[in-house]
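Read through the structure below, which is laid out as structure tokens, and then see the notes.
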Protein chains: 2
Amino acid sequence: MFTERFLRHRRGVHLESEERARLEASISEIKTLPPRTNIVMAGDELSQSILLLEGFMSRYIDDRNGLRQLVAVHVPGDFVDLHAFPLKVLDHDVATMTAATVAIVPHSELEAITHDLPALTRKLWFSTLIDAAIHRAWLFRFGRLDAVGRVAHFISETNVRLMSAGLSDGRRFALGLIQSDLAEICGLTNVHINRVLRQLREERLCVFRSSLVEILEPAKLAARGQFDPAYLYIDLQSAESPSSRPRLNS
Amino acid sequence: MFTERFLRHRRGVHLESEERARLEASISEIKTLPPRTNIVMAGDELSQSILLLEGFMSRYIDDRNGLRQLVAVHVPGDFVDLHAFPLKVLDHDVATMTAATVAIVPHSELEAITHDLPALTRKLWFSTLIDAAIHRAWLFRFGRLDAVGRVAHFISETNVRLMSAGLSDGRRFALGLIQSDLAEICGLTNVHINRVLRQLREERLCVFRSSLVEILEPAKLAARGQFDPAYLYIDLQSAESPSSRPRLNS
DNA sequence: CAATCGTGATGACGCAGGTTAATTTACAGA
DNA sequence: TCTGTAAATTAACCTGCGTCATCACGATTG
């Protein structure tokens, strides 16, 4: 069940079993990728997309001096570059952050799905729009939060996303990122990220280590980053049985 | 022809005449909206989306102190909240910036299109992904550009988008925004926006007035903001005849 | 015609975060 | 055990932008 985590707990878009089966059947290959490896370059003509099964991946834009700005971090269950199906060419690079396992889905299979299964198509569309909603939350983070708030917001967001993927218990999770990754995520320097992490440690809100993130006070951390998880469209309470879940429509 | 500007000049997604006709037929109403009016609130359950015909609209997130961060600015031809069709509930507010004319499209019509016309569906999907690509460019702007660069990038982006809509000649365009709008767009204070605009004026790159934006040196302005229009997927060279344009596929 | 308000312009001052550089720690490999 | 390297930490200094305040101008409105 490679698609197990895809759209899990997402409000209003439960995958029916036949839809899930169709997605599974669309996978052409499972690959293991080494850490810190560029997978897609901006401008490449793409004919397949990547569903992330294990590990962490990123999407980023480099400036003319080589300074990097991450525009997305992906966790297991994310359809990393599904947007390449309609777009065909991307405006940014895609890379692994840690070692990763991915499922490859050819665009020809997705094309067939758009003809056969409009409901599944709309769920795929939905999943690309979650990424856009996360982009917007990041814009808010950049525009209106100070350094501590930005890091607090990112850690809170990642915590919820990993809870949904079953990879965080709400207080502790593994994240293979180093401090300079956080810098490229939050639009800060690694020196300042270090200062921020010390402050979060001293205020007993959160301890960040490359191997393990521990959130001591989830509610306070979220408040510090003005984090409201609504934009993730995650409903952790929802039972897994389709009958008890509100449906998108018809 | 209300949909005249929708997806105009977008690389690889030319609307066939029957597709355009179907979209036109989906419009339930044309509305005129006053300036500075909130149209959609975060959390509302939505059953229609808005195609912007004339004027400017914005999408934004307010912080807990009421400070506003714009996450998108929309120009004529944009399907402002098409993403509300798959999402149903938005994570942000939508408002007019200037007086605006919009076409209303009920989600029931879009639902029908996803069943009947997979190719058009994918073009609609594509258009929501352009918005996401613009989000990413904004993330880059926030993370890696200084104040002057951010404003230069925004003005360059807006210029290209308006050229595509036929509302800029590449050097001059009307934009009903005031300086504090720019502040909320660029994540700066209006005081500092004022300083930045003075600098752009003194460097003879660009003159910004609420009524009219004049770009004196488009290339230099773009360079100052590290602006590369690739992410807009606009091809102004492309002829309007479908035969001469590269097609998405089949 | 006065009063008010929205917008723009500008100056003084302070601080969050950038820059540079040096030091320490943690590991992997020989 | 020693060594080389990536990552983390910390200090000293500087600057871009925020904050606060004032003033000017034009458009409304009473």
Side-chain angles (χ1 to χ4, degrees), chain A residues 34-37 56 63 65-69 97-99 141-155 174-203 206-214 224-225, chain B residues 34-37 56 63 65-69 97-99 141-155 174-203 206-214 224-225:
Chain A
R36 310 283 162 185
T37 309
F56 296 95
D63 84 349
N65 306 315
L67 275 181
R68 178 162 297 185
Q69 180 58 54
M97 304 189 83
T98 64
R141 182 191 295 162
F142 281 123
R144 295 298 160 209
L145 298 183
D146 64 6
V148 175
R150 289 187 203 180
V151 174
H153 189 281
F154 173 72
I155 293 177
L175 188 73
L177 308 191
I178 63 178
Q179 294 187 2
S180 50
D181 290 325
L182 273 189
E184 292 174 347
I185 289 166
C186 295
L188 300 166
T189 59
N190 47 9
V191 174
H192 200 65
I193 283 287
N194 187 281
R195 294 193 271 245
V196 166
L197 290 180
R198 173 155 53 118
Q199 189 178 332
L200 288 175
R201 217 182 305 129
E202 286 171 357
E203 290 180 11
C206 165
V207 179
F208 179 97
R209 263 168 295 155
S210 161
S211 47
L212 181 72
V213 180
E214 282 187 272
R224 186 64 183 78
Chain B
R36 309 283 162 185
T37 309
F56 297 95
D63 84 350
N65 306 314
L67 276 181
R68 178 160 297 183
Q69 180 58 54
M97 304 190 83
T98 65
R141 182 191 295 164
F142 280 120
R144 297 296 161 210
L145 298 184
D146 64 5
V148 175
R150 289 187 202 180
V151 174
H153 188 282
F154 172 72
I155 292 176
L175 188 73
L177 308 191
I178 62 179
Q179 293 186 3
S180 52
D181 290 325
L182 273 189
E184 292 173 347
I185 289 166
C186 294
L188 299 165
T189 59
N190 47 9
V191 176
H192 200 66
I193 283 287
N194 187 282
R195 295 193 271 245
V196 166
L197 291 180
R198 173 158 51 121
Q199 189 177 331
L200 289 174
R201 217 182 304 127
E202 286 171 357
E203 291 180 10
C206 166
V207 179
F208 179 98
R209 264 167 296 155
S210 162
S211 48
L212 181 73
V213 180
E214 282 186 272
R224 185 65 183 77

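- In this structure, B/Arg36 pairs ionically with B/Asp181, as a charged nitrogen and a carboxylate oxygen lie closer than 4.0 Å.
- From the 5' end on, the contacts that DNA chain C makes with chain B at under 4.0 Å to a non-hydrogen atom open and close at C/dT7 to C/dA12.
- A/Val196 pairs by the side-chain contact (heavy atoms from CB on, under 4.5 Å) definition with A/Ala147, A/Val148, A/Val151, A/His192, A/Leu200, not counting sequence neighbours.
- Contact detail for B/Ala152 and B/Gly225: the closest heavy-atom pair is CB-N, 3.9 Å.
- No salt bridge links A/Asp146 with A/Arg141; every basic N to acidic carboxylate O contact stays at or beyond 4.0 Å.
- Contact check for B/Cys206 versus B/Val213: side-chain heavy atoms found under the 4.5 Å cut-off.
- A heavy-atom distance below 4.5 Å is not found between the side chains of A/His153 and A/Phe142.
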Under a 4.0 Å heavy-atom criterion, the protein footprint on nucleotides 23-28 of chain D, written with B, S and -, is ------
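- No side-chain heavy atom of B/Phe208 sits under 4.5 Å from any side-chain heavy atom of B/Arg198.
- Heavy-atom minimum distance, A/Pro35 versus A/Ala99: CB-N, 3.5 Å.
- Between the A/Asp63 side chain and the A/Asn65 main chain, a donor and an acceptor come within less than 3.5 Å of each other.
- Side-chain contact check for A/Ile185 versus A/Leu177: some heavy-atom pair is nearer than 4.5 Å.
- In this structure, the side chains of B/Leu197 and B/Asn194 stay at 4.5 Å or more apart for every pair of heavy atoms.
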Please write out the pairs of protein N or O atoms and N or O atoms of nucleotides 4-11 of chain D separated by less than 3.5 Å, giving the distance to one decimal.
residue: D/dA8; atom: OP2; partner: A/Gln179; partner atom: N; Å: 3.0
residue: D/dT9; atom: OP2; partner: A/Gln179; partner atom: NE2; Å: 2.5
residue: D/dT9; atom: OP2; partner: A/Asn194; partner atom: ND2; Å: 3.0
residue: D/dT9; atom: O5'; partner: A/Asn194; partner atom: ND2; Å: 3.4
residue: D/dT10; atom: OP2; partner: A/Arg198; partner atom: NE; Å: 3.3

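- When side chains are defined from C-beta on, A/Arg209 does not count as touching A/Arg201, because their heavy atoms never get closer than 4.5 Å.
- The two atoms that bring A/Ile178 and A/Ser210 nearest to each other are CG2-OG, 4.1 Å, heavy atoms only.
- For the segment residues 142-151 of chain A, the set of residues with a heavy atom within less than 4.0 Å of an atom of DNA chain C comprises A/Asp146, A/Ala147, in numerical order.
- In this structure, the helix from C/dC1-D/dG30 to C/dA30-D/dT1 shows an angle of 40° between the axis at its start and the axis at its end, each fitted on 5 base pairs and rounded to 10°.
- Listed for the A/Arg150 side chain is a donor-acceptor partner under 3.5 Å among the backbone atoms of A/Cys186.
- Of the inter-residue distances, the one linking B/Leu175 atom CG with B/Phe56 atom CZ reads 5.0 Å to the nearest 0.5 angstrom.
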